[in-house]
There are 2 protein chains.
Amino acid sequence: MSPRNKILNEEIKDARREQILSNALKLFARRGLAATKITDISTASNISQGLLYHYYKSKEEIFVELLHDAYDKMIAAVLALERLPLSPLEKIRMAIEKLLQGFAENKETAYYYLLINQASIFEAIPDEAKEIVKSRSLLHEVITRIIIAGQKDGTFKKYDAQDMAVVFWASLNGLAIYNAVQGENFRAPDANILIGMFTEKSK
Amino acid sequence: MSPRNKILNEEIKDARREQILSNALKLFARRGLAATKITDISTASNISQGLLYHYYKSKEEIFVELLHDAYDKMIAAVLALERLPLSPLEKIRMAIEKLLQGFAENKETAYYYLLINQASIFEAIPDEAKEIVKSRSLLHEVITRIIIAGQKDGTFKKYDAQDMAVVFWASLNGLAIYNAVQGENFRAPDANILIGMFTEKSK
DNA sequence: GTCTATATCCAGATAGAC
DNA sequence: GTCTATCTGGATATAGAC
C-alpha cells in the first residue's frame with residue numbers, strides 16, 4: 001500500500017472510531033450498557049455489526065473508553081477552574097453556570113454524567129470501569145479545596161467542607177439526570193439557588 | 001382442597017411474592033433491569049426459575065410492580081408531610097432529614113430511588129413503567145406548594161418556586177445515588193447545607 | 001406448589017468472501 | 001476496510017413429572 005493510502009486509511013479509521021464513540025455514548029446513556037445491543041451501535045453508525053468488531057473487540061471496551069473520556073474531560077475542567085484567578089465564590093458560580101449551560105446547549109455533557117452514574121451504581125460493569133470510577137474522589141478533593149478557601153476568606157458558610165462538596169456534586173448530578181429526562185423541555189434553574197448552599201447572602 | 005389448606009396456600013403465595021419483590025428490588029437497583037437475569041432473582045429468592053413464572057410472567061412485570069410501590073410510598077409520604085401542622089420551613093427540614101436518615105438506616109428507600117431513576121432515564125423499559133414515571137410531576141407539585149407557602153410567610157427566598165422544587169428533588173436524588181454508591185460508608189451530610197438553598201439565615 | 005428438563009430465540013462473536 | 005453468513009452461548013419461557 002502506498003504511504004499516501006496508508007495515511008488516508010488512518011484518517012478513515014479515526015473518523016470511524018469517533019463516529020462509533022459518539023453514537024455509543026448516546027445509546028449507553030439512554031439505554032444503559034446492558035440494554036444496548038452491539039447492533040444498535042453499528043446501525044446508528046451506519047456500518048455492519050461485523051465491521052464494528054474491527055474497531056472494538058466488545059461493547060464493554062467502547063464503554064470503558066467513553067468512561068475514560070468522561071473523567072478526563074471533567075477532571076481537566078475542574079482543575080482548570082481551580083487555577084483561574086477568581087475568588088472561591090466566583091469559581092463555584094462559574095462551575096454551576098457552565099455546567100447548567102452545557103446541559104442545555106449540547107447533550108454530550110449530560111450524557112457523560114449519565115455514563116458515570118451507571119458506572120458508579122451498577123455492579124455489572126467491567127472491572128476496568130470500576131477502577132476509573134474510583135478517581136471520582138479527585139473531583140471531590142478539588143471542590144473541597146475551593147470550599148475551604150471560601151471558608152477561609154469568609155464568604156462561605158462553615159459547615160464541614162467534605163459534606164458541602166458531597167452535596168454540591170450530588171446536586172449537579174441530580175440536575176444532569178433531570179436534564180436528561182426532560183430532554184428538549186429542560187430549562188436550567190437559577191444558579192443562585194444552588195449558590196445559596198454556600199453563601200449567607202445570595203447576592 | 002380443604003378451605004384450611006386454601007388459606008395456607010394463599011399465605012405461602014403472598015409470602016413468596018414478598019420475597020421475590022424484595023430480592024428483585026435490590027437486584028434491579030444495583031444491576032439495572034436489563035442486566036438482571038430472571039435466574040438472579042430466583043436464585044436470590046431460593047426458588048427454581050421455573051417457579052418464578054408461577055408468580056410473575058416476566059421480569060418486566062416485577063419491575064413495574066416495584067415501581068408502583070415506589071411511587072405509592074413516596075407520594076403518600078409527601079402528601080402526609082404537606083398535611084402536618086408545621087411551618088413550611090419545618091416541613092422542608094423534616095423531608096430532608098427523614099430522607100437522609102432513611103438512606104442511612106435501611107437500604108430500601110434508596111433502592112426505590114434508584115429504581116425510579118432507571119425508569120426515568122432509560123428508554124428500554126416497559127410502557128407501563130413510562131406511564132408511572134409521569135406521575136413524578138405530582139411530587140414536584142406538592143413541594144412547589146410548600147415552597148410557595150414558605151415564600152408567602154417570608155422565610156424562603158423568592159426565586160422561582162418551580163426552579164427551587166426542581167433543585168430540591170434533583171439534590172435529594174443525587175444524594176440517594178451517592179448513598180447507594182457509598183454503601184456502608186455512607187454518612188449523611190448536614191441537612192442545614194441543603195436548607196441553605198431555601199432560607200436566608202441558616203440557623 | 002415446586003422442581004427438572006427442554007425448546008426457542010436472540011445477542012455476541014468469528015470466518016470468509018469481496 | 002467492509003460486508004454477509006454462520007457458529008456459539010446464554011437467557012427466556014414452556015412442559016411435564018412429582
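Per chain, numbering begins at 1; letters A, B, ... match sequence-line order.
- Note: CG (A/L52) to P (C/dA11) measures 15 Å, nearest angstrom.
- Side-chain proximity of A/L51 to C/dA13, D/dC3, C/dG1: nearest is D/dC3.
- Among C/dT2, D/dT2, C/dC3, the nucleotide with an atom closest to any side-chain atom of B/I47 is C/dC3.
- Remark: P of C/dA13 and CD of A/E60 are 7 Å apart, rounded to the nearest angstrom.
- Straight-line distance from the NZ atom of A/K37 to the P atom of C/dG12: 8 Å, rounded to whole Å.
- You'll find that the side chain of B/Y53 is closest to D/dT12, out of D/dT12, D/dC3, C/dA13.
- With distances taken from any side-chain atom of B/S48 to the nucleotides C/dG12, C/dC3, C/dG1, the minimum falls on C/dC3.
- Annotation for B/L67 and B/A119: closest pair CD2-CB, 3.6 Å, computed over non-hydrogen atoms.
- Taking atom OH on A/Y55 and atom P on C/dT14, their separation rounds to 17 Å, with Å as the unit.
- Side-chain N/O atoms of B/K59 include one lying less than 4.0 angstrom from OP1 or OP2 on D/dT12.
- Set against D/dG1, D/dC3, C/dT2, the side chain of B/H54 has C/dT2 as its closest nucleotide.
- Checked by atom type and distance alone, the side chain of A/K91 pairs as donor or acceptor with a backbone atom of A/E82 at under 3.5 Å.
- If you take CG of A/N46 and P of D/dT2, they are 12 Å apart, rounded to a whole angstrom.
- The distance from atom CG of A/N9 to atom P of D/dG1 is 6 Å, rounded to the nearest whole Å.
- Looking at A/D160 and B/I193, their side chains never come closer than 4.5 Å, going by heavy atoms from C-beta outward.
- Put simply, CD1 on A/I38 is 11 Å from P on C/dT14, counting in whole angstrom units.
- Checking side-chain atoms of B/S22 against main-chain N and O of B/E18 turns up no donor-acceptor pair under 3.5 Å.
- The residue among B/K13 and B/Q49 whose nearest nucleotide of DNA chain C lies closer to the 5′ end is B/K13.
- Between the C1' atom of D/dT12 and the OH atom of B/Y56 lies a distance of 18 Å, rounded to the nearest Å.
- Comparing C/dG12, D/dT2, D/dG1 against the side chain of A/R16 picks out D/dT2 as the nearest.
- The cationic atom of A/R17 (NZ for Lys, CZ for Arg) lies less than 6.0 Å from the six-membered ring centre of A/Y56 and within 45° of the ring axis.
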